Amino acid sequence: MKSKSKWIVGSSLALFAGQVVGSWLLNNKKNVQENTETSFNLIKDYPTIHPTSFLHPQSSVIGQVHIGEQVFIAPFASIRGDEGLKILIGNRTSVQDGAVLHGLKNFEYGSNITQNSVFVKDEPFSIYIGERVTLAHQCQVHGPARIDQDVFVGMQSLVFNSYIHEGAVLEPGCRVIDVTIPKQRYVSAGRIITRQEEADRLPEITPDYRYYQFNQKVTDVNQELAFAYRSQQ
């Protein structure tokens, strides 16, 4: 066998072995598991997790969940893709301590339930989280929900049935329900937004805003944490 052919065969075998071992390791992590079989989802889905991401052993990831590159999942975070199907977490996002991601049932007998889904490029998701998003401690994101890139979701805040556009800031303890938050706006701490007219009047983020570029700083820290913890494994 020529050396080039040997290299191709060897590389193919190594790739296959890596996939098998990677799947075995994933499936034997007690905090990462498939969803159970139900009447609305007969398929048992394992989460897909990029190898550069870090999941703390006391976090929980279940079912139809995709986690991108350099994501940091902190202790006691819960990401459940077993009722609301297809949860996507974009690159360099952090899901901090005690954060909960879950959604309403959005598939039944193989058909999509449109009102319980968000659509990105015509693909339905229960929850879609973009890149460089911070989901801070004890926040809740309940699908249907879409959060675009560079958004800060503050501690103990709630997002439900809403679309948060790029660069927005949800300060700690606020509630955002049934609305779309425009790009580069902020919701003050503790405020409850349930009407679109309120959302449309939210103040814009300017350089004199006290949390201006705050999310970028938090993202940098958690990206470094993901790398450091991952390197210890």
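From a predicted model like this one, the values you see are computed outputs, not experimental measurements. We use all heavy atoms of the structure for the numbers below, so side chains are in, but hydrogens, waters and symmetry mates are not. Positions are given from 1 along the sequence.
Contact check for Thr134 versus Phe72: no side-chain heavy atoms found under the 4.5 Å cut-off. Within the 4.5 Å cutoff, the side chain of His142 has heavy atoms near those of the Leu104 side chain. Using a 4.5 Å cut-off on side-chain heavy atoms (C-beta onward), Ser78 and His102 make no contact. The shortest side-chain heavy-atom distance between Met155 and Gln138 does not fall under the 4.5 Å cut-off. At a threshold of 4.5 Å between non-hydrogen side-chain atoms, the residues Leu135 and Leu101 count as touching. Annotation: side chain of Thr180 is in contact with side chain of His165 (closest heavy-atom distance under 4.5 Å). Side-chain atoms of Asn215 and Val169, non-hydrogen and from C-beta on, never get closer than 4.5 Å to each other.
Under the 3.5 Å distance criterion, the side-chain polar atoms of Thr219 are left unmatched by any main-chain donor or acceptor of Lys217. Asn31 places a side-chain N or O within 3.5 Å of a backbone atom of Ser59 that can act as its donor or acceptor partner. Between the side chain of Arg175 and the main chain of Thr194, no donor-acceptor pair closer than 3.5 Å is present. A donor-acceptor pair under 3.5 Å is absent between the side-chain atoms of Ser188 and the main chain of Glu171, judged by distance alone. Proximity of a side-chain donor or acceptor of Gln216 to a complementary backbone N or O of Gln213 within less than 3.5 Å is not detected. Gln70 contributes no side-chain N or O that, together with a main-chain N or O of Arg92, makes up a donor-acceptor pair within less than 3.5 Å. Looking at Arg185, its side chain does come within 3.5 Å of a backbone N or O of Asp200 through a donor-acceptor pair. Proximity of a side-chain donor or acceptor of Asn91 to a complementary backbone N or O of Glu69 within less than 3.5 Å is detected.
Considering every non-hydrogen atom in both Gly81 and Val65, the closest pair reads N-CG2, 3.7 Å. Of all heavy-atom pairs between Gly90 and Val71, the closest is O-CG2, 3.3 Å. Heavy-atom minimum distance, Gly68 versus Ser53: O-OG, 2.5 Å. Taking each heavy atom of Gly154 and Ala136 in turn, the nearest pair found is C-CB, 3.8 Å. Taking all atoms of both residues into account, the shortest heavy-atom contact from Ser162 to Val176 is OG-O, 3.4 Å. Nearest approach of Val187 to Cys174, heavy atoms of both residues: CG1-CB, 3.8 Å.
Note: the hydrophobic cluster containing Tyr163 does not contain Ile129 (ILVMFWY, side chain heavy atoms under 4.5 Å, direct or indirect links). Taking hydrophobic clusters as Ile, Leu, Val, Met, Phe, Trp and Tyr residues chained together by side-chain heavy-atom distances below 4.5 Å, Ile79 does not share a cluster with Phe125. Note on Val61 and Leu85: separate hydrophobic clusters, where clusters join Ile, Leu, Val, Met, Phe, Trp and Tyr whose side-chain heavy atoms are under 4.5 Å apart, directly or indirectly. In this structure, Tyr186 is not a member of the same hydrophobic cluster as Val141, with clusters built from ILVMFWY side-chain heavy atoms closer than 4.5 Å. Note on Val95: it clusters hydrophobically with Val159, by side-chain heavy-atom contacts below 4.5 Å among ILVMFWY residues.
Between atom CD1 of residue Ile62 and atom OG1 of residue Thr36 there is a gap of 10.0 Å, rounded to the nearest 0.5 Å. To the nearest 0.5 Å, atoms NZ (Lys105) and OG1 (Thr38) are separated by 8.0 Å. Taken to the nearest 0.5 Å, the NE2 atom of His56 stands 7.5 Å off from the CZ atom of Phe76. With rounding to the nearest 0.5 angstrom, the NZ atom of Lys86 is 14.0 Å from the CD1 atom of Ile127. If you take CZ on Arg230 and CG on Leu55, they are separated by 8.5 Å, rounding to the nearest 0.5 Å. Remark: His66 NE2 to Ile87 CD1 distance equals 13.0 Å, nearest 0.5 Å.
When only modelled atom types and interatomic distance are considered, Glu131 and Gln149 share no side-chain donor-acceptor pair under 3.5 Å. With 3.5 Å as the limit, one finds a donor-acceptor pair spanning the side chains of Asp178 and Asn161. Neither side chain, Asn106 nor Ser126, offers a donor N or O lying under 3.5 Å from an acceptor on the other.
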Item to check | Verdict with supporting geometry, Glu123 and Lys121, salt bridge (charged side-chain N to carboxylate O under 4.0 Å, His left out) | outcome: CA-CA 5 Å; Glu123 183 178 356; Lys121 297 180 180 179; over 6 Å; no

Checklist entry - When you look at Leu202 and Arg191, which way does the side chain to side chain contact (heavy atoms under 4.5 Å, CB included) test go after all the steps? => result CA-CA 11 Å; Leu202 287 170; Arg191 188 171 178 185; 3.6 Å; yes

Next on the checklist: side chain to side chain contact (heavy atoms under 4.5 Å, CB included) for Phe107 and Ile43? Distances and angles first, verdict last.
Outcome noted: CA-CA 12 Å; Phe107 278 87; Ile43 300 171; over 6 Å; no

Item to check | Audit row: Glu37, Lys44, salt bridge (charged side-chain N to carboxylate O under 4.0 Å, His left out) steps and yes/no | outcome: CA-CA 6 Å; Glu37 188 176 301; Lys44 292 184 177 181; 5.3 Å; no

Checklist entry - Going through the checks in order, is the side chain to side chain contact (heavy atoms under 4.5 Å, CB included) test met by Gln96 and Asn222? => result CA-CA 9 Å; Gln96 297 181 2; Asn222 283 279; 3.3 Å; yes

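Annotation for Glu198: atom CD counts as buried by contact number, over 12 foreign heavy atoms lying within 6.0 Å. For Phe119, the CZ atom is densely surrounded, since the number of other residues' heavy atoms within 6.0 Å is greater than 12. In Asp208, the CG atom is crowded: over 12 heavy atoms of neighbouring residues, nucleotides or ligands sit closer than 6.0 Å. Surrounding CD of Glu108 are more than 12 heavy atoms belonging to other residues, nucleotides or ligands, all under 6.0 Å away.
Between Phe152 and Tyr211, the ring center distance fails the sub-6.0 Å criterion.
Arg146 forms a cation-pi arrangement with Tyr128, by the criterion of a distance under 6.0 Å to the ring centre and an angle within 45° of the ring axis.
Paired with Arg132 under the rule side chain to side chain donor-acceptor pair (under 3.5 Å), one option of Asp148, Thr93, Asp150 passes, and it is Asp150.
Between Phe54 and Tyr229, the angle of the ring planes stays under 30°, which puts this pair in the parallel group of the 30/60° scheme.
Checked against salt bridge (Lys or Arg N to Asp or Glu O under 4.0 Å), Asp45 has no partners two or more places apart in sequence or in another chain.
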